[in-house]
Number of protein chains: 2
Amino acid sequence: MSLAHALLTSLLEQASSGYDLARRFDKSIGHFWQATHQQIYRELGRMEKAGWIRSTPDPDAGRTRKRRYSVLPGGRDELMRWAAESAPLPELRDEFMVRLRADAVIGPLGLLPELGRRRALHADKLRAYRAIEARDFPPDPQASRQRRIHHLILKAGIQYEEGWIAWYDEALGVLEHA
Amino acid sequence: MSLAHALLTSLLEQASSGYDLARRFDKSIGHFWQATHQQIYRELGRMEKAGWIRSTPDPDAGRTRKRRYSVLPGGRDELMRWAAESAPLPELRDEFMVRLRADAVIGPLGLLPELGRRRALHADKLRAYRAIEARDFPPDPQASRQRRIHHLILKAGIQYEEGWIAWYDEALGVLEHA
DNA sequence: TCCGACTATGCAACCAGTTGCAGTACTGTA
DNA sequence: TACAGTACTGCAACTGGTTGCATAGTCGGA
């Protein structure tokens with residue numbers, strides 16, 4: 001159950017509401033862990049019951065129902081406990097490879113446009129990551145441990161997109177001349 | 001619903017039983033699409049109902065219940081239709097990144113051993129892929145379209161593992177000296 | 001001849017994640 | 001003041017995937 005732990009991490013970085021969490025998930029942690037607002041609300045409810053977090057009406061709430069969640073000591077302990085666990089590698093699961101294999105067994109199915117589209121999507125992501133890198137991580141030998149780790153995580157995304165772009169370029173060559 | 005299409009592809013390559021499909025999934029297609037025998041049996045049932053495949057008692061069955069599934073024209077059409085669809089990129093979802101981020105916000109949580117373990121797992125996979133490559137894809141300018149595509153798919157796995165190994169090496173450096 | 005390992009299939013329950021929909025309050029604009 | 005848009009929370013139903021368990025036959029070895 002990592003969503004809870006992703007939320008704990010995010011809340012430790014900054015106490016906030018379910019809605020804000022959902023939006024922040026679209027950036028930062030969301031590059032490696034996605035969640036809809038539905039999941040987030042449900043999970044926040046469970047976590048509060050478990051005594052990991054508590055919620056108070058948000059000071060910025062005005063008359064809305066907005067609530068601010070913050071991490072309790074129990075939640076922090078739980079996060080530390082969980083972080084030390086070992087876990088299996090994420091599994092590679094890409095339906096495009098299935099399509100390719102279908103194309104191989106049946107014969108040309110016109111996958112080239114889709115291939116180009118996917119390459120472009122990866123290029124978009126890479127560009128976005130590079131922009132974040134340029135903005136938030138200027139070269140700095142004195143950077144704090146926290147910053148260095150955040151940069152490292154971003155580099156995982158960069159490395160991932162670059163790898164796929166290179167592969168899609170090769171794939172383009174194979175499908176064009178075959 | 002890609003599992004059905006992965007199964008169709010696999011059955012087109014070779015008609016076989018649910019059990020054999022499950023085992024073949026552990027290799028080839030399974031590098032990019034995993035499924036348990038449970039899922040497979042359930043899905044084969046649906047596909048037969050849909051008229052995409054048919055099953056006959058397996059000739060090698062002896063007195064067991066073993067059945068051989070093969071693709072009907074309707075299944076082939078469905079696969080062709082589906083292959084031309086476009087689909088979103090698979091999402092990167094790696095809980096280790098959440099752990100790293102927790103380590104960044106709380107302070108050193110002793111992630112180094114886990115980091116080494118994960119690097120080793122990637123190295124194992126890479127070695128396995130390289131072995132398959134050496135065995136099944138000797139350099140051959142005359143290789144068929146099908147072989148070239150299969151090789152391409154394998155290279156996606158190789159590229160993926162190599163990227164992560166490089167990243168884990170860098171991560172090792174960051175966590176050691178911080 | 002009994003036993004354990006393996007092949008082969010399947011039911012039932014559960015869980016995480018997704019989708020569709022809805023309600024409520026605020027904010028700006030015509 | 002009416003209306004559109006959007007911030008914010010939530011319910012209910014569904015889907016795909018996982019887990020635990022059950023069953024039944026085959027085969028080799030103690």
Side-chain angles (χ1 to χ4, degrees), chain A residues 1-7 10-11 15-26 29-30 32-50 53 55-69 82 87-95 98, chain B residues 1-8 10-11 15-26 29-30 32-50 53-69 82 87-95 98:
Chain A
M1 211 208 316
S2 317
L3 176 55
H5 300 96
L7 292 173
S10 204
L11 286 175
S16 43
S17 68
Y19 190 81
D20 291 335
L21 278 172
R23 279 213 329 236
R24 281 204 279 139
F25 254 55
D26 289 344
I29 282 188
F32 292 97
W33 202 271
Q34 306 80 38
T36 63
H37 73 279
Q38 268 314 322
Q39 257 179 292
I40 289 174
Y41 286 124
R42 201 201 290 165
E43 200 62 35
L44 285 173
R46 284 182 199 149
M47 290 160 71
E48 192 163 15
K49 255 187 209 156
I53 57 176
S55 67
T56 51
D58 193 296
D60 304 339
R63 235 174 306 164
T64 69
R65 282 179 293 174
K66 189 171 185 175
R67 303 188 66 74
R68 155 159 314 193
Y69 292 88
W82 171 83
L89 297 182
E91 266 164 4
L92 197 44
R93 171 170 286 219
D94 190 342
E95 49 177 294
V98 178
Chain B
M1 212 205 321
S2 317
L3 176 55
H5 301 95
L7 292 173
L8 284 173
S10 203
L11 286 175
S16 43
S17 68
Y19 190 83
D20 290 335
L21 278 172
R23 278 211 331 233
R24 280 202 282 139
F25 254 55
D26 289 344
I29 282 189
F32 292 97
W33 203 271
Q34 306 80 39
T36 62
H37 72 278
Q38 268 313 322
Q39 259 178 288
I40 290 173
Y41 286 124
R42 200 203 288 167
E43 201 62 35
L44 285 173
R46 284 181 199 150
M47 291 159 70
E48 192 163 16
K49 253 186 210 159
I53 57 176
R54 72 194 181 96
S55 68
T56 51
D58 193 296
D60 304 339
R63 235 175 305 164
T64 69
R65 283 180 293 173
K66 189 170 184 174
R67 302 188 68 73
R68 154 157 317 196
Y69 292 88
W82 171 83
L89 298 182
E91 265 164 5
L92 196 45
R93 172 169 285 218
D94 189 343
E95 49 177 294
V98 178

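Lettering of chains follows the sequences in order, A, B, ..., and the numbering in each one begins at 1.
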K.L.:
Rounded to the nearest 0.5 Å, how far apart are CG of B:L44 and CZ of B:R42?
P.N.:
12.0 Å
K.L.:
Measure CD/A:E91 against C1'/C:dA16 and give the value in whole Å, please.
P.N.:
16 Å
K.L.:
Rounded to the nearest 0.5 Å, what separation is found between the OH atom of B:Y19 and the CD1 atom of B:I40?
P.N.:
11.5 Å
K.L.:
With rounding to the nearest 0.5 angstrom, report the CD to CG distance, B:E95 to A:L89.
P.N.:
10.5 Å
K.L.:
Would you kindly give the CZ-to-P distance between A:R93 and D:dG16, to the nearest whole Å?
P.N.:
12 Å
K.L.:
Taking only the side-chain nitrogens and oxygens of A:R42, find out if one of them lies under 4.0 Å from OP1 or OP2 of C:dG17.
P.N.:
no
K.L.:
Rounded to the nearest angstrom, tell me the gap between atom CZ in B:R67 and atom P in D:dG25.
P.N.:
16 Å
K.L.:
Once rounded to the nearest 0.5 Å, what's the spacing between atom CZ of A:R68 and atom CD1 of A:I53?
P.N.:
13.0 Å
K.L.:
When you measure from the side-chain N and O atoms of A:Q38 to the phosphate of C:dT18, is any distance below 4.0 Å, counting only OP1 and OP2?
P.N.:
no
K.L.:
Side-chain N or O of A:Y41 versus OP1/OP2 of D:dT9: is the shortest distance under 4.0 Å?
P.N.:
yes
K.L.:
In this structure, how many angstroms lie between the C1' atom of D:dG10 and the CD atom of A:Q39, rounded?
P.N.:
15 Å
K.L.:
Tell me, yes or no, whether the heavy-atom count around B:R54 atom CZ, taken from other residues, nucleotides or ligands under 6.0 Å, exceeds 12.
P.N.:
no
K.L.:
From C-beta outward on B:Y69, which listed nucleotide comes closest to its side chain: C:dG17, C:dG10, C:dA16?
P.N.:
C:dG10
K.L.:
Check B:Q39 against B:Q34 and note the closest heavy-atom contact, atom names and distance.
P.N.:
OE1-O, 4.5 Å
K.L.:
At 10 degrees resolution, what angle do the end axes of the helix from C:dT1-D:dA30 to C:dA30-D:dT1 form when each is taken over five base pairs?
P.N.:
10°
K.L.:
When the distance from CG of A:L3 to P of C:dG17 is rounded to whole Å, what number comes out?
P.N.:
6 Å
K.L.:
Give the rounded distance in Å between these two atoms: NE2 of B:H37 and P of C:dC6.
P.N.:
16 Å
K.L.:
How close or far is atom P of C:dC15 from atom CD of A:E43, stated in whole angstroms?
P.N.:
13 Å
K.L.:
Among C:dG10, D:dA7, D:dT19, find the nucleotide with the atom closest to the side chain of A:Y19.
P.N.:
D:dA7
K.L.:
Measuring only between side-chain heavy atoms, which start at C-beta, is B:R67 closer than 4.5 Å to B:P57?
P.N.:
yes
K.L.:
Could you state the CH2-C1' distance from B:W33 to D:dG16, rounded to the nearest angstrom?
P.N.:
10 Å
